[in-house]
Amino acid sequence: MSEEKSLNFIEEIIETDLKEGRYEQIATRFPPEPNGYLHIGHASSICLNFGLTQTFPGYTNLRFDDTNPETEETEYVDSIKEDIQWLGFQWKNEFYASDYFEQLFGFACQLIEKGLAYVDDSTSDEIRAMKGTPTQPGSNSPYRDRSIAENLDLFKRMRQGEFPDGAKVLRAKIDMAHTNMIMRDPVLYRIKHAHHHRTGDAWCIYPMYDFAHGQSDSIEHITHSICTMEFIPHRELYDWCISNLEIFPSHQYEFARRSLSYTVTSKRKLLQLVNEHIVEGWDDPRMPTISGMRRRGYTAESIREFCDRIGIAKRDNVVDVSMLEFCVREHLNRIAQRRMAVIDPVKLIITNYEEGKEEILHAENNPEDEQGGHRDLPFSRELWIEREDFMEEPPKKFFRLGPGLTVRLKHAYIIQCHDFKKDEDGKVTEIYCTYNPETKSGEDHSGIKVKGTMHWVSCAHAKTAEVRLYDRLFKVENPASEEGDFKSYINEDSLHIVKQAYVEPALMNTSAGDKFQFLRLGYFTTDRLSTPEHPIFNRTVGLKDSWAKETKKEQA
RNA sequence: UGCCUCAUGGUGUAAAGGUAGCACAUCAGGUUUUGGUCCUGCUAGUCUUGGUUCGAAUCCAGGUGGGGUAACCA
């Protein structure tokens, strides 16, 4: 615990600000636009913003950046709030940029009165044309020199709804030759006769991001307004507005958004996957959304740990998914109860075990947790085992079943295979073994050592469950940087549904979100659609599999 | 092309002019009634060229490469 954790560059800035007395406490905010579900990239920002005010004195607001009524919906507001809380964070205030519409309107009037904003009748095409290019200065709008009185009158009439969409905009009067394109008389307000999810039809003019965000920060006395790198050019305008309005000086700091290999994290692309039914909704377990990951079985703790490990910096990055998978496994290994399930079953018959006999075994729930307790596990003559655990002609290092081979059945006996049966297609249908009654788990004094231990489910006691196996959604590491449509890189085998898996009785009557390790198969969670009559388990992540690695090496 | 920004093993991230470290991944081994967990060890890095300095990943200058930016989106 004596280890001093190094600070990221934002924490360093804050520490300096605090030390030098610029602030006594800080305020941050998480500012989502309610036009999509939160994803793993947002989780990073959430952990940053809320984490900052856990390590330093201060608080964090949740503020919805809802200035574009055409794309925003209450459904998104609700999901965003749920996801943040599920991740384990609580905001101090729940605010909306739309709360400030009246105040923002007032700010705009102030700029007009200072001669720093004007109403422009140009079309968007004309404005774009007059913008110039990075190397060529733009040109002034013919409406740029309207009088203050006329601008004020026009702007108020815009608000009254006298003009149709697109007829006029309010622009800042800065410099059409500015090297920063953002500063070439940016649009501040536009006319949109659209229904807003919160203000209804009260407004028909809406502020642009650049006029809403900074002022909202200022109104809330946000000290450190943290956003991603693409907003760097906007900082100059952010500061310009605050300084000319002479309001609380919030400051903007930028970090590089985190990206994850084999996934996309762009709301536009995620929306597309949902709308085109490539996935089954925002919370499809293959989605990198918080809700998708939650349904997949990720824990909030593991996502927080992940965000902590990948850190915050300003350079471009693609974090390897294996880092994320490591974090879930690490947590789930500690908390998930062990169960047995067979996904691809083949029958095993213990020929020297009395027919009709059954034993109730005492199986530990979690070897990592001494307080984890035990469960009853029925054993009998006929068992289901995993088809891949038997090989007719096993290679040397195959520590499972094959003619003559010996293995332990987890929590039960050591068995030896002496025969098997195949159908006319050559498919193994039954495997015959004998068991050694002296080798019962916990009472084994035989001294026999075996290399392999296998999972199984008693046929007579097995329950049927649906198991959903997920794989990465994309075939390439960075779909966003690949040529052409990102959808052409989708992995069409990202979901494999097993309708009839056999599970031990202790797996009945679980609740949505319960987490288990199916021995040797991976971590699974009960899906929200699961019912006692039709249980469904989602595979969160497989176990590390050094045997699979070995066989892959052989093939190469 | 202007402006902005970034550059440390395969990946992510530290080192505030003084021994380049940590984690993931990889590889090799040990323990194990999960080929899991755990433990041990290996491999592998400062974009380039100059300068300042006793000493540079760090400071300066030039180059190269990546990313952002020219929506009535955020």
Side-chain angles (χ1 to χ4, degrees), chain A residues 3 5-8 12 31-33 35 65-68 70-72 120 122-124 127-128 131-138 165-166 168-171 178-184 187-192 205-206 208-210 212-213 227-236 254 256 258 261 267-268 309-327 329-330 333-334 338 340 364 367-368 397-400 407-412 414 439 441-442 444 449-455 477 481 517-522 542-550:
Chain A
E3 196 82 351
K5 200 174 178 299
S6 57
L7 303 177
N8 65 47
E12 280 176 6
E33 182 187 11
N35 68 346
D65 232 329
D66 55 350
T67 56
N68 185 2
E70 285 162 351
T71 59
E72 296 155 5
D120 194 335
S122 309
T123 66
S124 60
I127 289 178
R128 195 174 308 121
K131 201 108 191 175
T133 70
T135 43
Q136 291 164 320
D165 288 7
K168 288 176 166 47
V169 291
L170 182 73
R171 289 230 261 169
H178 206 290
T179 54
N180 180 353
M181 299 287 289
I182 299 285
M183 298 294 277
R184 319 246 261 226
V187 172
L188 267 23
Y189 265 91
R190 76 287 216 190
I191 300 171
K192 272 183 198 283
I205 57 171
Y206 292 93
M208 297 288 289
Y209 165 86
D210 283 308
H213 201 100
C227 61
T228 44
M229 302 271 282
E230 67 271 25
F231 290 98
I232 290 178
H234 295 254
R235 187 176 60 224
E236 198 168 2
E254 311 87 7
R258 327 307 290 162
S261 64
K267 276 200 238 175
R268 207 196 86 247
R309 280 176 186 255
I310 63 178
I312 293 295
K314 298 181 84 158
R315 67 185 89 107
D316 298 335
N317 61 85
V318 182
V319 182
D320 201 314
V321 275
S322 65
M323 180 75 89
L324 216 206
E325 293 179 344
F326 170 83
C327 293
R329 288 195 188 103
E330 185 187 42
N333 178 51
R334 280 198 327 263
R338 311 291 130 119
M340 293 202 282
E364 67 188 347
E368 306 296 316
K397 290 200 306 204
F398 187 76
F399 307 139
R400 307 180 188 183
V407 298
R408 171 172 292 281
L409 292 172
K410 181 74 180 175
H411 296 126
I414 290 176
T439 59
S441 274
D444 184 347
K449 286 271 179 268
V450 290
K451 290 285 243 180
T453 300
M454 291 178 12
H455 64 279
E477 221 177 283
S481 74
Q517 183 195 105
F518 289 0
L519 245 51
R520 305 211 298 142
L521 295 178
L543 256 23
K544 270 215 276 188
D545 190 344
S546 46
W547 170 247
K549 215 179 282 175
E550 189 75 24

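Residue numbers start from 1 in every chain, and the chains themselves are labelled A, B, ... in the order their sequence lines are given, proteins ahead of strands.
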Taking the same atom, P, in B:rG21 and in B:rG41, what whole-Å distance lies between them?
14 Å

B:rA20 and B:rA15: how far apart are their P atoms, nearest whole angstrom?
16 Å

By salt bridge (charged side-chain N to carboxylate O under 4.0 Å, His left out) - contacts of A:Arg400 (at least two apart)
A:Glu388, A:Asp389

Identify, with sequence neighbours excluded, every residue that meets side chain to side chain donor-acceptor pair (under 3.5 Å) alongside A:Ser122.
A:Asp120

In whole Å, I'd like the distance from the CD atom of A:Glu236 to the P atom of B:rC4.
10 Å

Given the P atoms of B:rA14 and B:rA74, what is the spacing between them in whole Å?
32 Å

Rounded to the nearest angstrom, tell me the gap between atom CD1 in A:Ile232 and atom P in B:rU5.
7 Å

Separation of the C1' atoms in B:rC60 and B:rC27, to the nearest angstrom:
42 Å

Would you call A:Trp547 stacked on B:rG35, i.e. ring centres under 5.5 Å apart with the planes less than 30° off parallel?
yes

Taking atom C1' in both B:rG18 and B:rU58, what distance in whole Å separates the two?
11 Å

Taking the side chain as everything from C-beta on, heavy atoms only, tell me whether A:Asn68 gets closer than 4.5 Å to A:Asn35.
no

Give a yes or no on whether a donor-acceptor pair under 3.5 Å exists between the nucleobase atoms of B:rU33, that is its base, and the side chain of A:Arg408.
yes

Within the structure shown, what part of the strands sits under 4.0 Å from A:His411 by heavy-atom distance: base, sugar-phosphate, or nothing?
base

State which residues pass side-chain contact (heavy atoms from CB on, under 4.5 Å) with A:Glu12; sequence neighbours excluded, sorted by chain then number.
A:Leu7

At 4.0 Å (heavy atoms only), tell me whether A:Phe518 reaches a base, stays on the sugar-phosphate, or touches nothing.
nothing

Is A:Lys549 near enough to B:rC27 that one of its side-chain N or O atoms lies under 4.0 angstrom from OP1 or OP2?
yes

Distance-only donor-acceptor test, A:Arg329 side-chain atoms vs B:rG36 base atoms, 3.5 Å:
no

Parallel under 30°, tilted from 30 to 60°, perpendicular over 60°: which one fits the rings of A:Tyr209 and A:His234?
perpendicular

A:Pro367 versus A:Arg338: any side-chain heavy-atom pair under 4.5 Å?
yes

Under 4.0 Å between any heavy atoms, over every strand shown, what does A:Pro367 touch: base, sugar-phosphate, or nothing? Just pick one.
base

Using a heavy-atom cut-off of 4.0 Å across all strands, would you classify A:Gly522 as base, sugar-phosphate, or nothing?
nothing

Tabulate atom names and distances for all N/O pairs under 3.5 angstrom spanning the protein and nucleotides 11-13 of chain B.
residue: B:rU11; atom: O3'; partner: A:Val318; partner atom: O; Å: 3.1
residue: B:rU11; atom: O2'; partner: A:Val318; partner atom: O; Å: 3.1
residue: B:rU11; atom: O2'; partner: A:Asp320; partner atom: N; Å: 3.4
residue: B:rG12; atom: OP1; partner: A:Val318; partner atom: N; Å: 3.0
residue: B:rG12; atom: O3'; partner: A:Arg258; partner atom: NH2; Å: 3.3
residue: B:rG12; atom: O2'; partner: A:Ile310; partner atom: O; Å: 2.9
residue: B:rU13; atom: OP1; partner: A:Arg258; partner atom: NH2; Å: 2.6
residue: B:rU13; atom: OP2; partner: A:Arg315; partner atom: NH1; Å: 2.7

Would a 4.5 Å heavy-atom cut-off, applied to side chains only, mark A:Leu188 and A:Leu170 as touching?
yes

Give the rounded distance in Å between these two atoms: NZ of A:Lys451 and C1' of B:rG30.
12 Å

Toss me the dot-bracket line for RNA chain B: Watson-Crick and G-U wobble, both under 3.5 Å, 5' to 3', using | for pairs to another strand and [ ] for crossers.
.((((((..((((....[..))))..((((.......)))).....(((((..]....))))))))))).....

Under 3.5 Å between N/O atoms: give me all the protein pairs with nucleotides 69-72 of chain B, atom names plus distance.
residue: B:rC72; atom: N4; partner: A:Ser122; partner atom: O; Å: 3.1
residue: B:rC72; atom: N4; partner: A:Ser124; partner atom: N; Å: 3.2
residue: B:rC72; atom: N4; partner: A:Gly166; partner atom: O; Å: 3.1

Sort me out a list of protein N/O and nucleotides 40-42 of chain B N/O pairs below 3.5 Å, or just none if empty.
none

Nearest-nucleotide check on RNA chain B, A:Asp65 vs A:Lys544; residue mapping nearer the 5' end is A:Lys544

Atom-to-atom span, CZ of A:Phe326 to P of B:rA25 - whole angstrom:
6 Å

Partners of A:Ile310 by side-chain contact (heavy atoms from CB on, under 4.5 Å), sequence neighbours excluded?
A:Ser44, A:Arg258, A:Phe306, A:Val319, A:Met323

Could you check how far CD of A:Glu368 sits from P of B:rC39, rounded to whole Å?
11 Å

Could you measure between the two P atoms, the one in B:rU19 and the one in B:rG30, and give it in whole Å?
37 Å

Distance, P atom - from B:rG51 to B:rG10, rounded to whole angstrom
28 Å

CG of A:Leu519 versus C1' of B:rU32: gap in Å, rounded?
13 Å

Do A:Lys544 and A:Glu325 have side chains that get closer than 4.5 Å, going by heavy atoms?
no

Nearest-angstrom distance from the residue atom CD of A:Glu325 to C1' of B:rU26:
15 Å

What pairs with A:Glu33 under salt bridge (charged side-chain N to carboxylate O under 4.0 Å, His left out), at least two apart in sequence or on another chain?
none

Decide yes or no, distance alone: a donor-acceptor N/O pair under 3.5 angstrom between the base of B:rU37 and the side-chain of A:Glu330.
no

Residues forming a salt bridge (charged side-chain N to carboxylate O under 4.0 Å, His left out) with A:Arg315, sequence neighbours excluded:
none

Taking side chain to side chain donor-acceptor pair (under 3.5 Å) as the definition, give me every residue that meets it alongside A:Lys192, ordered by chain and number, with sequence neighbours left out.
A:Glu70

Specify the separation, in whole Å, of atom CG of A:Leu543 and atom P of B:rU34.
11 Å

Can you say whether a donor on the side chain of A:Arg338 sits under 3.5 Å from an acceptor on the base of B:rU34, or the other way round?
yes

Are A:Glu236 and A:Ile182 packed together at the side-chain level, in the sense that at least one heavy-atom pair is separated by less than 4.5 angstrom?
no

Considering residues at least two apart in sequence or located in another chain, which fulfil the salt bridge (charged side-chain N to carboxylate O under 4.0 Å, His left out) criterion with A:Asp444?
A:Arg408

Hey, does A:Gln517 reach any base, or is it just sugar-phosphate, or nothing, if we go heavy atoms under 4.0 Å?
base

For atom C1', what is the distance between B:rG9 and B:rU5, given to the nearest Å?
24 Å

